[in-house]
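Inspection log for the structure reproduced underneath, given as structure tokens.
Each chain gets a letter, A, B and so on, in the order its sequence line appears, and its residues count up from 1.
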2 protein chains.
Amino acid sequence: MADKATQAPFTISQLAAEFGLTTRALRHYEDQGLIAPQRRGRARLYSSRDRARLALILRGKRVGLALSEIKEILDLYALGDGQHAQMRATRAVLLERAAALRAQRVDIDLALAELAQGLEWIEQRLTVPVLALVDVAIASAYDAEARRRLDE
Amino acid sequence: MADKATQAPFTISQLAAEFGLTTRALRHYEDQGLIAPQRRGRARLYSSRDRARLALILRGKRVGLALSEIKEILDLYALGDGQHAQMRATRAVLLERAAALRAQRVDIDLALAELAQGLEWIEQRLTVPVLALVDVAIASAYDAEARRRLDE
DNA sequence: TTCATGCTTGACGTTTACGTAAAGAGCCTT
DNA sequence: AAGGCTCTTTACGTAAACGTCAAGCATGAA
């Protein structure tokens, strides 16, 4: 019944391996106050609770939260008083993040559109046989702008 | 006919203002070998050609190219020999960028989906009247995982 | 001549999330 | 006792694109 491989107290390298992280990353999270495993001597011992906490941290990372933001949320729940207040605060953070992500998405779409234009421009010059040199001279937006005035 | 305000040779601050950049940024582009205006004494004088080049640089930035990548493309066209070869190289870079952007968009979508889940989770706990505490206890994925085994 | 501006070249600082040594401690095995 | 392995702390390094002084020329106006 009891798994022997990954049980109760985990060493840092066990947890790192399980989540595909480096031990450095885990120590870093600790440095930043995101997690604080017990010690047996100096060595860290991660409990299941710590493991769950780490899972939350990684969730935060996946949605693009900074470690500092994740810490804020985690700290909120540490207080554990007015549940609703914490939830509302967390919701605010997440909504902000969602808005930021959507904004990023828009930027990406714009960038893709501009890229498509550039590619189209190039594709034409690569496709059109040497005959259509006229078109090239006309359609060239870049060159047009660059050559309109050749001062200096 | 001739605009007096922004004409032929531009000073660094003029160009910066026109494109909404800082002079530092322009000097940085120069440091990185992206542009090289003439000098009158030590002062930089940007020609229309430089201005067009800067416009291209900013295009590159908008689509998410690194300055080093923009430089590569620019350098390619500086050679000016086999046109097609340059275009193909540029196309390759742009296609790569497009692929990267699409990948980023997928990541964002995944993040948004995960965020939506988290928000839903929170929203329920905020909405559901105190009566449905049972549901709370059952549905809680995070808590379920965290509480299943409270070792230590 | 003296100022105010605007330009110049260094050159270190910033941000984020770790990477990468370096040097040592603790524990188990041979 | 000597390795060998995993753990520890300390601390500088990294990447990108500039930001932010600092200190000094240069030029046109007063």
Side-chain angles (χ1 to χ4, degrees), chain A residues 5-7 9-47 50 54 56-74 93 97 100-101 104 107 111, chain B residues 5-7 9-47 50 54 56-74 93 97 100-101 104 107 111:
Chain A
T6 55
Q7 201 49 5
F10 310 94
T11 70
I12 191 171
S13 51
Q14 278 172 358
L15 215 59
E18 180 177 350
F19 287 91
L21 302 172
T22 63
T23 58
R24 178 63 176 94
L26 284 177
R27 295 200 187 93
H28 182 59
Y29 298 157
E30 186 169 350
D31 286 344
Q32 303 306 305
L34 296 183
I35 197 171
Q38 289 199 327
R39 304 295 188 111
R40 198 190 68 177
R42 321 186 75 187
R44 283 167 248 267
L45 282 186
Y46 295 83
S47 67
D50 290 325
L54 178 57
L56 270 179
I57 293 173
L58 296 184
R59 262 176 186 251
K61 291 216 64 184
R62 277 197 297 276
V63 301
L65 289 176
L67 294 184
S68 58
E69 295 174 308
I70 298 175
K71 175 183 161 60
E72 282 177 41
I73 294 179
L74 257 29
V93 174
R97 191 81 267 278
L101 283 174
Q104 271 188 53
D107 286 344
Chain B
T6 56
Q7 198 52 1
F10 310 94
T11 70
I12 191 170
S13 50
Q14 277 172 0
L15 215 60
E18 181 178 348
F19 287 90
L21 302 171
T22 63
T23 59
R24 179 65 177 92
L26 284 177
R27 296 202 185 92
H28 182 58
Y29 298 157
E30 188 170 347
D31 285 345
Q32 303 305 305
L34 297 183
I35 197 171
Q38 290 199 326
R39 302 298 185 109
R40 198 190 69 177
R42 319 185 76 186
R44 293 168 178 70
L45 282 185
Y46 294 82
S47 67
D50 291 325
L54 178 57
L56 270 178
I57 294 174
L58 296 183
R59 261 175 187 250
K61 290 215 64 183
R62 277 197 297 277
V63 301
L65 289 175
L67 293 185
S68 57
E69 296 174 308
I70 298 174
K71 175 184 162 58
E72 283 177 39
I73 294 179
L74 257 31
V93 174
R97 190 82 270 275
L101 283 173
Q104 270 189 52
D107 286 345

* Indicate whether OP1 or OP2 belonging to C:dT9 is found under 4.0 Å from a side-chain N or O atom of B:Arg44. => yes
* Structure fact -> When rounded to whole Å, the CG to C1' distance for the pair A:Leu67 and C:dT15 reads 13 Å
* **A:Arg40, CZ: over 12 other non-hydrogen atoms inside 6.0 angstrom** => no
* To do: Taking only the side-chain nitrogens and oxygens of B:Ser13, find out if one of them lies under 4.0 Å from OP1 or OP2 of C:dC7.
  => yes
* What pair of heavy atoms forms the shortest contact from A:Gly64 to A:Glu69, and how long is it? -> O-OE1, 4.4 Å
* For B:Thr23, answer base if it contacts any base atom (sugar-phosphate contacts may also be present), sugar-phosphate if it contacts only those atoms, and nothing otherwise; contact means non-hydrogen atoms under 4.0 Å. => nothing
* Structure fact -> chain B vs DNA chain D, heavy-atom contacts under 4.0 Å, first-to-last nucleotide span, 5' to 3', is D:dA17 to D:dT20
* Length of the CZ-C1' vector between B:Arg24 and C:dT14, whole Å -> 12 Å
* To do: Report the distance from atom CZ of B:Arg44 to atom CD1 of B:Ile35, rounding to the nearest 0.5 Å.
  => 10.0 Å
* **Pairwise distance CG(B:Leu58) to CG(B:Leu65) - rounded to 0.5 angstrom** => 12.0 Å
* Give a yes/no answer on whether the side chain of B:Arg39 brings an N or O atom under 4.0 Å of OP1 or OP2 in C:dT9. => yes
* Determine, stepwise, if the pair A:Glu30 / A:Arg39 fulfils salt bridge (charged side-chain N to carboxylate O under 4.0 Å, His left out). => CA-CA 13 Å; A:Glu30 186 169 350; A:Arg39 304 295 188 111; 3.0 Å; yes
* Asked: Want to settle it: does B:Leu26 or A:Ala43 sit nearer the 5' end of DNA chain D, counting the closest nucleotide to each?
  -> A:Ala43
* Most 5' of A:Thr22 and A:Arg42 on DNA chain C, judged by nearest nucleotide -> A:Thr22
* **Pairwise side-chain contact, B:His28 with B:Leu67, heavy-atom cut-off 4.5 Å (strictly under)** => yes
